[in-house]
Chemist: 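Below: one structure in structure tokens.
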Number of protein chains: 6
Amino acid sequence: MPYVQVNITEGATVEQKAQLVEGITDLLVKVLDKNPASTQVVIKESGTENWGIAGKTVKQLRAEGSTKISSK
Amino acid sequence: MPYVQVNITEGATVEQKAQLVEGITDLLVKVLDKNPASTQVVIKESGTENWGIAGKTVKQLRAEGSTKISSK
Amino acid sequence: MPYVQVNITEGATVEQKAQLVEGITDLLVKVLDKNPASTQVVIKESGTENWGIAGKTVKQLRAEGSTKISSK
Amino acid sequence: MPYVQVNITEGATVEQKAQLVEGITDLLVKVLDKNPASTQVVIKESGTENWGIAGKTVKQLRAEGSTKISSK
Amino acid sequence: MPYVQVNITEGATVEQKAQLVEGITDLLVKVLDKNPASTQVVIKESGTENWGIAGKTVKQLRAEGSTKISSK
Amino acid sequence: MPYVQVNITEGATVEQKAQLVEGITDLLVKVLDKNPASTQVVIKESGTENWGIAGKTVKQLRAEGSTKISSK
């Protein structure tokens, strides 16, 4: 029955998303013996102006070419 | 004061969303005697490539015509 | 496949929780034709010192006997 | 390491979002002595038909010109 | 910068939790080339009376010895 | 109507929590002209074995006396 929510900035491909869903489900089955049929993995994407780290949005950090703070 | 978040895949109509908001609010008032004025119900929709169940995205399950795993 | 999260302050009984789970699931089946077997409703409770409304915690509002701001 | 999620209806500007990220990060550093480099503030916007309060969506409340229930 | 939230019922061991954190972080690094130093994985546990599936709480399903609906 | 969720590890005092609620509410009123009466700020605390960063739980990082990865 687990529900996993993956919050990331926009940009993942359909293929990468499918790999995340498969990999996280496999892990929950392997580590916690969960039933895959009721294991849900949901990906929530945010625009870079909606994600902040170290007091700035990722949009700002990337515009500044910031390398000190990881905006990945 | 309750805050309810309803996570679903895209596709509900404006009318269906209004019914969910009304029905869930009524239930919280009836069962928990909550104040409707401060009861919030928020619907978060995800694309089918962002919702995974049983290790595959709903997009994949629907493309395969899967009937074993419910992707509804 | 819906995942519904109900955020409330502590104090609901086991019976009330079961009524919320049943009522919200029924609503999702009726309004959106969702499959009940994969519909999940999760209740997250918070202590009154962890829930804020109108700039004060519910703990503070209740200690003050506030009636203007609903802390229900 | 805090992760703060700000749920609002659509309509904030890029500048306002940057102010929220900066202000909330500063507050967590000041109040809890958190490390800003690992403090994340993420803004999740919802359409007005997806946000319900007092049993109606904000879309409905605004169409009715409701002033009793705050839909701000 | 990803933030992953794993919602499960109570019962995982400290060791299993560490395996989930390690495995999900590795996956995000491998699939999305994320920076592990800013990847956060948070586990949220709920009591069985707070988790509902198929219209009943897991507490109810387990008391009934339900085998049709997976309460794992 | 905003709903803000602050996810942190355990350890904040009742007074610090009240400061977070007050400060975040003030900021939303100032920046977005939100109505404080319907602004909710909820703090969700996690045990250190439930919070992972850089592939390890905070519990592990603190036991190792890690200084490279911020576990604050």
Side-chain angles (χ1 to χ4, degrees), chain B residues 1-62 64 66-72, chain C residues 1-62 64 66-72:
Chain B
M1 97 231 358
Y3 175 81
V4 179
Q5 195 166 305
V6 180
N7 298 278
I8 51 175
T9 47
E10 290 171 345
T13 65
V14 168
E15 174 57 30
Q16 287 172 324
K17 291 171 181 176
Q19 288 175 26
L20 289 179
V21 165
E22 187 182 5
I24 292 175
T25 305
D26 286 352
L27 192 70
L28 286 162
V29 171
K30 204 184 76 182
V31 175
L32 293 181
D33 190 31
K34 291 297 183 186
N35 178 4
S38 60
T39 296
Q40 309 205 72
V41 178
V42 175
I43 298 163
K44 304 268 184 171
E45 298 176 283
S46 299
T48 56
E49 83 275 13
N50 283 343
W51 195 293
I53 182 162
K56 297 202 172 181
T57 64
V58 172
K59 187 186 184 80
Q60 289 174 303
L61 291 170
R62 292 193 180 159
E64 293 169 5
S66 168
T67 55
K68 246 177 56 192
I69 300 298
S70 172
S71 59
K72 272 208 297 192
Chain C
M1 98 229 2
Y3 175 80
V4 179
Q5 194 167 303
V6 180
N7 298 277
I8 51 175
T9 46
E10 290 171 346
T13 65
V14 168
E15 175 58 32
Q16 287 172 323
K17 291 172 182 177
Q19 288 175 27
L20 289 180
V21 165
E22 186 182 7
I24 292 174
T25 304
D26 286 352
L27 193 70
L28 286 162
V29 171
K30 203 184 78 179
V31 174
L32 293 181
D33 191 29
K34 292 296 182 187
N35 177 2
S38 60
T39 296
Q40 309 205 71
V41 178
V42 176
I43 298 164
K44 304 268 185 170
E45 298 177 284
S46 299
T48 56
E49 82 277 12
N50 283 345
W51 193 294
I53 182 162
K56 296 203 172 178
T57 64
V58 171
K59 187 187 184 76
Q60 290 175 301
L61 291 170
R62 292 192 180 160
E64 294 169 5
S66 170
T67 55
K68 248 175 59 188
I69 301 298
S70 171
S71 59
K72 273 207 298 192

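A note on names: the letters A, B, ... follow the listed sequences, proteins ahead of strands, and every chain is numbered from 1.
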Chemist: Using a cut-off of under 4.5 Å on heavy-atom pairs, state which of C:V41, C:T39, C:I24 scores highest against chain B.
Modeler: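 Of C:V41, C:T39, C:I24, C:I24 has the most heavy-atom pairs under 4.5 Å with chain B.
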
Chemist: Could you check whether any side-chain heavy atom of B:Q40 comes within less than 4.5 Å of a side-chain heavy atom of C:N7, counting everything from C-beta outward?
Modeler: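 Contact flag for B:Q40/C:N7 side chains = no.
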
Chemist: I need the minimum non-hydrogen distance between B:W51 and C:Y3, along with the two atoms involved.
Modeler: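 Minimum heavy-atom separation between B:W51 and C:Y3: CH2-N, 4.1 Å.
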
Chemist: Can you run down the salt bridge (Lys or Arg N to Asp or Glu O under 4.0 Å) pairs that involve residues 2-13 of chain B, sequence neighbours left out, and say none if there aren't any?
Modeler: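 Residue pairs passing salt bridge (Lys or Arg N to Asp or Glu O under 4.0 Å), neighbours aside: none found.
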
Chemist: Residues of residues 13-21 of chain C under 4.5 Å from chain B (heavy atom pairs)?
Modeler: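 Within residues 13-21 of chain C, near chain B: C:Q16, C:Q19, C:L20.
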
Chemist: Could you note down all residue pairs passing ring pair (Phe, Tyr, Trp, His ring centres under 6.0 Å) where residues 21-41 of chain C supplies at least one of them, sequence neighbours left out?
Modeler: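 Applying ring pair (Phe, Tyr, Trp, His ring centres under 6.0 Å) to every pair that reaches into residues 21-41 of chain C, excluding sequence neighbours, yields nothing.
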
Chemist: Measure distances from B:D26 to the heavy atoms of chain C and classify the residue's part below 4.5 Å as side chain, backbone, both or neither.
Modeler: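 For B:D26, there is no contact with chain C at all, as no heavy atom is under 4.5 Å.
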
Chemist: Counting C-beta onward and ignoring hydrogens, is there a side-chain heavy-atom pair between C:L32 and B:I8 closer than 4.5 Å?
Modeler: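 Contact flag for C:L32/B:I8 side chains = yes.
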
Chemist: Can C:E22 and B:L27 be said to form a side chain to side chain contact (heavy atoms under 4.5 Å, CB included), step by step?
Modeler: CA-CA 10 Å; C:E22 186 182 7; B:L27 192 70; over 6 Å; no

Chemist: Would you mind telling me which of B:L28, B:I43, B:V6 has the largest number of heavy-atom pairs within less than 4.5 Å of chain C?
Modeler: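 Result: the option with the highest number of such pairs is B:V6.
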
Chemist: Name all residues meeting the salt bridge (Lys or Arg N to Asp or Glu O under 4.0 Å) criterion together with C:K56; count only those two or more places apart in sequence or in a different chain, and write none if there are none.
Modeler: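 Counting only residues at least two positions away or on another chain, C:K56 forms a salt bridge (Lys or Arg N to Asp or Glu O under 4.0 Å) with C:E64.
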
